Q: 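Sharing a structure, written as structure tokens. Questions coming.
Convention: sequence-line order gives letters A, B, ...; per-chain numbering from 1. Given the structure is predicted, the values throughout are model-derived calculations rather than measurements.
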Amino acid sequence: MVEKRIRVLVAKPGLDGHDRGAKVIARALRDAGMEVIYTGLRQTPEQIVATAIQEDVDIVGLSLLSGAHNHLFPKVVELLKEKGVEDILILGGGVIPEEDIPFLKENGVAEIFTAGTPTGKVIEYIKSKL
Amino acid sequence: MDLVQRAREGDRRALARLITVVENQEPEAVDFLQEMYPHTGKAQVIGITGPPGSGKSTLTDKLVKELSKRGQKIGIIAVDPTSPFTGGAILGDRVRMSDLNLDENVYIRSMGARGSLGGLAETTNDVIKILDACDFDYIFIETVGVGQSEVEIINAADTVLVVMVPGLGDDIQAIKAGILEIGDIFVVNKADREGANKVVLELQMMLDLKGEKSGWETPIFMSDATESKGIIEIVDGILEHFTYLKQSGELWTTRRNKLEKELLAIVSKKLYTQMLQRVKQEKKLNEYLDCIMRKETNPYSVVELLIKDLMPR
Ligand SMILES: Nc1nc2c(ncn2[C@@H]2O[C@H](COP(=O)(O)OP(=O)(O)OP(=O)(O)O)[C@@H](O)[C@H]2O)c(=O)[nH]1
Ligand SMILES: [Mg+2]
């Protein structure tokens, strides 16, 4: 009797103090039947990676408003690789300028959802990938 | 090397994957559990329960930090409710345990209760066994206590710690009715708030009325978990309870009683699934349904027929 659930870590790296966007997406994913591990504000890339491994998630969703995404997102990817983890899908969200997206994708972020993306699109994307 | 061996040698990814296999009740789960079973039984399992928002996660964070400082290995299982409509869940207990993420002595796992109606998931007991077999010295289980659901925790834990807070108003009576029996240790958290002393007194009175049914005198502690106040006393209380259980012989008898319940539960689940499967395959089932719809017979008679057909002759 297999009861597989999609498990998603929704994490907020960086120093900005808002997690409204992260909470909106967390609730939307829950309503789509997923298990969402929510870890709160100001997580370091090291903490995010440790949590992703302990929780054996399928997806890590990183949400950021502060502009440090070009540093923090690739850092999470790199640390995961260091630990030998390459089968977790990394998604980015938040306030991210169009021109940064190609760089992030080259550095291991599977997809970027900029602020204002309907949550339905994110869910559709996840379901198509798993 | 197989998953179990890797997990037992400290590979956290292997441990995490093992838990997923068991949590999803994948076919290999039983083999893994069989392999691990001989290595279980050493850990002290501590259940942390109490009303929503009472500070269970904050308190667990601080208790575990203290045990880790003493060189112990600790596993934490944080169970949150699953939405009965969508099957989804938000598992948010780690918000209060951020400092433990990078502690090498600590492993934290969040679980949705999934189909289970009580405070634990159906597989929580198996996840406890995995952590036990991987040589964690202490296993904490956090579960929300609302009414009856927290009673499940006594089947999983050696030591049940009930967290109370001031200012619950009239609810306290209702909550206490169920938890008074299950608590081995009580903690009045948020002691920085008004009314904490009153809660301690009320609890003490109710415990006195109940009377001790064993040689363990149920302690009541106060804490301010956010400020790490009262933590060391609680940790010592938890350790003392385990010593008491071992020395009095209660550990053996209660674990044996739980084992009996668990064994019967596994048997009944297996029988139920197998039998139901056979009923569903019954060729005459559709015919029966039509007959009942036409009122030629009734569900009660059909049930008798179905069960009679299943019984070995
Ligand atoms: N004043 C005060 N606040 C506390 C104390 N302990 C926890 N809190 C706060 O109470 C709130 C809830 O704490 P949690 O640790 O998440 O409580 P919980 O029981 O795990 O909550 P659920 O898992 O949602 O049921 C948080 O805002 C904590 O900071 C305390 O001793 N004093
Ligand atoms: Mg909690």
Q: Please tell me if the side chains of R114(B) and E35(A) come closer than 4.5 Å, counting only heavy atoms from C-beta onward.
A: yes
Q: With a cut-off of 6.0 Å (strictly less than), are more than 12 heavy atoms of other residues, nucleotides or ligands near CD of E124(A)?
A: no
Q: Taking only Lys NZ, Arg NE, NH1 and NH2, and the carboxylate oxygens of Asp or Glu, determine whether D87(A) and R13(B) approach each other closer than 4.0 Å.
A: yes
Q: Could you measure the distance from the CD atom of Q54(A) to the CG atom of L100(B)? Nearest 0.5 Å is fine.
A: 9.0 Å
Q: Would you say the side-chain atoms of T86(B) and D31(A) include a donor-acceptor pair closer than 3.5 Å?
A: no
Q: If you round to the nearest 0.5 Å, how far is CG of D58(A) from OG1 of T20(B)?
A: 8.0 Å
Q: Heavy-atom count check: over 12 atoms from other residues, nucleotides or ligands less than 6.0 Å from R70(B) CZ?
A: yes
Q: Out of L91(B), T82(B), I108(B), which one racks up the most heavy-atom pairs below 4.5 Å with chain A?
A: L91(B)
Q: Is it the side chain or the backbone of V8(A) that comes within 4.5 Å of chain B heavy atoms, both, or neither?
A: neither
Q: At a 4.5 Å cut-off on heavy atoms, which part of V22(B) comes close to chain A: side chain, backbone, both, or neither?
A: neither
Q: Counting only heavy atoms not in K280(B), do more than 12 fall under 6.0 Å of its NZ?
A: no
Q: Just by modelled atom types, is the I90(B) backbone N or O under 3.5 Å from a matching donor or acceptor in the Y38(A) side chain?
A: no
Q: Count the heavy-atom pairs under 4.5 Å between each of R7(A), R42(A), K83(A) and chain B, then report the option with the highest count.
A: R7(A)
Q: Does I37(A) offer a backbone N or O that forms a donor-acceptor pair with the side chain of R94(B) under 3.5 Å?
A: no
Q: Hey, are Q47(A) and S98(B) close enough side-chain-wise for a donor-acceptor pair under 3.5 Å?
A: no
Q: More than 12 heavy atoms of other residues, nucleotides or ligands under 6.0 Å from CD of E99(A): yes or no?
A: yes
Q: Between E55(A) (side chain) and S110(B) (backbone), is there a donor-acceptor pair under 3.5 Å?
A: yes
Q: Dump the intermediate steps for side chain to side chain contact (heavy atoms under 4.5 Å, CB included) on D56(A) and R109(B), then the final yes or no.
A: CA-CA 9 Å; D56(A) 195 24; R109(B) 180 71 171 220; 3.6 Å; yes
